[in-house]
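A quick note: this is a predicted structure, and the numbers were derived from the prediction, not measured. Worth knowing before you read on, the calculation uses all heavy atoms, side chains too, and leaves out hydrogens, waters and symmetry mates.
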Amino acid sequence: MDAADAPNPYRNPWADLPLEVRWELALDEGFKQLVQSGSHTALPALAHSVHVEVTGLAAAQRLFYRFSVAGFTSPTGQTRTLPRPQDELTSLRLAFASCQRYHAGHFGAYRAMLADQPDLVLFLGDYIYESGGRLGEFRGPVSAAATALNDYRELYALAHSDPALQAMHAACPWLVTWDDHEVFNDYAGGPLQGEGRFGSTGRRRSAYQAWYEHMPVSPRTLIGGLQGLLSGPAALQVYQRVAVGRLAMIHLLDTRQYRDDAVRCGIGGLFKPEDCEEANNPGRSLLGSAQEAWLQQGLQQQSPAHAATRQRWNLIAQPTTVSRRLLPALGERSFSDGWDGYVATRDRLIKSLQDQQVSGPVILGGDIHEHWAAHLHAGPGATQGPIVAPEFCCTSITSRAFGGLTSAEIMALNPHVQFSARQQRGYGLATLSPERLQVQMRVIDDVFKEWPSVSTAAQFEVAASSPRMKRL
């Protein structure tokens with residue numbers, strides 16, 4: 001029997017029944033050298049999704065996995081366990097991506113990414129777009145915006161129908177966070193948000209549940225267990241810290257769930273920084289007090305006082321641009337939805353990186369549908385003070401650039417920006433060694449091709465001894 005013939009839980013008589021799913025881990029693709037196996041009950045309440053956290057595995061080990069249910073066997077995927085935090089590594093290659101609107105084009109960028117053979121994929125938000133499909137878009141059905149659980153589930157099913165995305169998921173492990181479109185455009189989580197202009201708490205819970213069901217995340221992501229997800233307040237533990245040997249520490253952030261609401265300055269989410277005192281209010285946070293404290297604690301462990309155990313590189317992976325971003329729209333304005341609308345949070349991060357003398361800090365982001373390489377300065381201005389960290393944001397997998405602005409216009413207003421490419425789709429590719437970090441801004445020639453050509457729009461190098469980037 002073939003996986004293509006496997007039962008679809010939305011269109012078969014078993015839709016409301018729990019199903020026993022067997023999983024297998026092996027050292028070889030033929031599953032002759034079985035490492036572990038077991039079974040898991042897939043519940044209809046969770047769209048028959050399966051989240052298994054396997055323990056007792058050897059470090060830095062390549063493994064093959066598959067699932068079977070009711071006589072049907074899935075395609076084989078491969079993954080790799082992490083090295084131990086104290087293990088020395090000579091290299092790590094990771095891809096980072098965001099913003100894959102299914103209706104806007106093929107996910108052909110993942111075919112190019114697959115050929116680059118990354119060890120790990122960082123997905124930085126907007127895995128789906130809740131707005132559904134519009135008339136005249138390139139592919140996919142026309143549909144209304146998602147508001148209920150099955151609406152969100154269908155958008156994930158649509159994304160997962162893309163063979164290029166399937167292949168990339170099956171090739172290596174992923175670390176994922178979310179942004180706004182997994183729930184609603186520009187939504188602010190916050191402890192008291194959810195009712196009102198960003199829809200009901202029921203809508204938010206549905207979006208969170210569908211994300212958990214369809215993302216490769218641990219069961220520990222569930223705060224309060226299954227009942228907490230199904231009936232409690234909408235909450236998931238998304239932010240996490242992952243050590244990749246002594247080479248890299250990845251601090252993966254959640255900039256949506258705990259943020260205060262956007263500033264009320266300006267027009268249509270755009271504001272003049274000099275006219276908006278609210279954006280500088282130290283009481284406002286993009287990350288929430290608990291996550292900020294967690295991040296500060298993690299960065300403290302990467303100071304010279306912990307030289308014997310700290311990692312060489314510290315990758316702060318989050319959905320968007322941390323550095324200042326002015327747009328030539330309505331008279332040099334910033335987006336209230338990003339870090340520019342939460343200046344105190346950015347200042348506290350910069351201060352922590354400086355005060356703790358964090359080793360090899362690098363900011364990774366996405367969201368802006370544009371390749372962007374910039375220096376994050378200590379301030380107060382965008383180019384004032386010493387360089388604290390380089391920042392690399394990847395363009396989108398498919399989503400179009402915002403407006404008709406050119407890269408030259410963007411860079412003219414933002415002198416800390418070393419590179420901008422607005423009209424090309426693609427992803428970022430970072431290669432780390434103990435001595436240096438190299439980042440390639442990878443672009444495809446045509447988002448409407450299933451098998452596009454790929455090239456490198458720009459390439460940068462950062463030495464471990466200095467946060468200043470050099471274009472190669």
No-hydrogen, no-angle side-chain donor-acceptor test under 3.5 Å, [X] and [Y]:
X: Asp254; Y: Gln257; result: yes
X: Glu53; Y: Ser218; result: yes
X: Gln237; Y: Thr221; result: no
X: Ser399; Y: Gln100; result: no
X: Thr320; Y: Asp179; result: no
X: Glu130; Y: His181; result: yes
X: Gln296; Y: Ser352; result: yes
X: His160; Y: Tyr102; result: no
X: Arg101; Y: Ser131; result: yes
X: Thr255; Y: Gln318; result: no
X: Gln418; Y: Trp372; result: no
X: Asp116; Y: Tyr427; result: yes

Check against side-chain contact (heavy atoms from CB on, under 4.5 Å), His416 and Ile387: CA-CA 10 Å; His416 57 295; Ile387 297 171; over 6 Å; no

Aromatic plane relationship, Tyr208 with Tyr187 - under 30° parallel, 30 to 60° tilted, over 60° perpendicular: perpendicular

Under 3.5 Å: donor-acceptor pair, side chain of [X], backbone of [Y]:
X: His375; Y: Met469; value: yes
X: Asp260; Y: Ser285; value: yes
X: Asp180; Y: Asp186; value: yes
X: Gln166; Y: Pro163; value: no
X: Gln209; Y: Ala45; value: yes
X: Arg422; Y: Leu405; value: yes
X: His103; Y: Val142; value: no
X: Ser98; Y: Asp367; value: yes
X: Arg259; Y: Asp337; value: yes
X: Glu391; Y: Val322; value: yes

Residue pair [X] / [Y], side-chain heavy-atom distance below 4.5 Å:
X: Leu299; Y: Leu349; value: yes
X: Trp313; Y: Leu247; value: yes
X: Lys470; Y: Arg468; value: no
X: Leu326; Y: Pro273; value: yes
X: Trp178; Y: Val238; value: yes
X: Leu43; Y: Leu226; value: yes
X: Gln311; Y: Gln302; value: yes
X: Leu315; Y: Ile363; value: no

Contacts of Leu82 that satisfy side chain to side chain contact (heavy atoms under 4.5 Å, CB included) - sequence neighbours left out: Val242, Val244

On the six-membered ring of [Y], is [X] placed so that its NZ or CZ lies under 6.0 angstrom from the centre and within 45° of the ring axis?
X: Arg220; Y: Tyr212; result: no
X: Arg333; Y: Phe271; result: no
X: Arg111; Y: Trp451; result: yes

Flag the pair [X] and [Y] as a salt bridge only when some basic side-chain nitrogen lies within less than 4.0 angstrom of an acidic carboxylate oxygen.
X: Arg471; Y: Glu461; result: no
X: Arg139; Y: Asp162; result: yes
X: Asp347; Y: Lys351; result: no
X: Arg325; Y: Asp340; result: no
X: Arg153; Y: Glu213; result: yes

Trace of the side-chain contact (heavy atoms from CB on, under 4.5 Å) decision for Asp126 with Glu182: CA-CA 6 Å; Asp126 292 344; Glu182 284 89 348; 3.6 Å; yes

Partner of His214 under ring-ring contact (aromatic ring centres under 6.0 Å, His included), chosen from Tyr156, Phe123, Tyr127: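 Answer to the ring-ring contact (aromatic ring centres under 6.0 Å, His included) test with His214 among Tyr156, Phe123, Tyr127: Tyr156.
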
Should we count [atom1] of [X] as having more than 12 external heavy atoms under 6.0 Å?
X: Arg241; atom1: CZ; answer: yes
X: Glu332; atom1: CD; answer: no
X: Glu277; atom1: CD; answer: no
X: Gln117; atom1: CD; answer: no

Shortest non-hydrogen contact from His371 toward Arg442: NE2-O, 3.0 Å

For Arg425 against Thr398, the heavy-atom pair lying closest together: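 Taking Arg425 first and Thr398 second, the nearest heavy atoms are CD-O, 3.4 Å.
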
Residue pair Phe402, His369: steps toward the ring pair (Phe, Tyr, Trp, His ring centres under 6.0 Å) verdict: CA-CA 7 Å; Phe402 298 108; His369 307 175; 4.3 Å; yes

Derivation of the side chain to side chain donor-acceptor pair (under 3.5 Å) call for Gln440 and Thr456: CA-CA 6 Å; Gln440 297 178 57; Thr456 298; 3.1 Å; yes

side-chain contact (heavy atoms from CB on, under 4.5 Å) assessment of Leu236 paired with Ile223: CA-CA 6 Å; Leu236 293 174; Ile223 298 174; 5.5 Å; no

Test side-chain contact (heavy atoms from CB on, under 4.5 Å) applied to Cys99 and Tyr129, step by step: CA-CA 8 Å; Cys99 302; Tyr129 279 69; 3.4 Å; yes

Ring centre gap for Trp294 and Tyr239 strictly below 6.0 Å: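 Ring centres of Tyr239 and Trp294 closer than 6.0 Å.
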
Ring centre gap for Tyr110 and His169 strictly below 6.0 Å: no

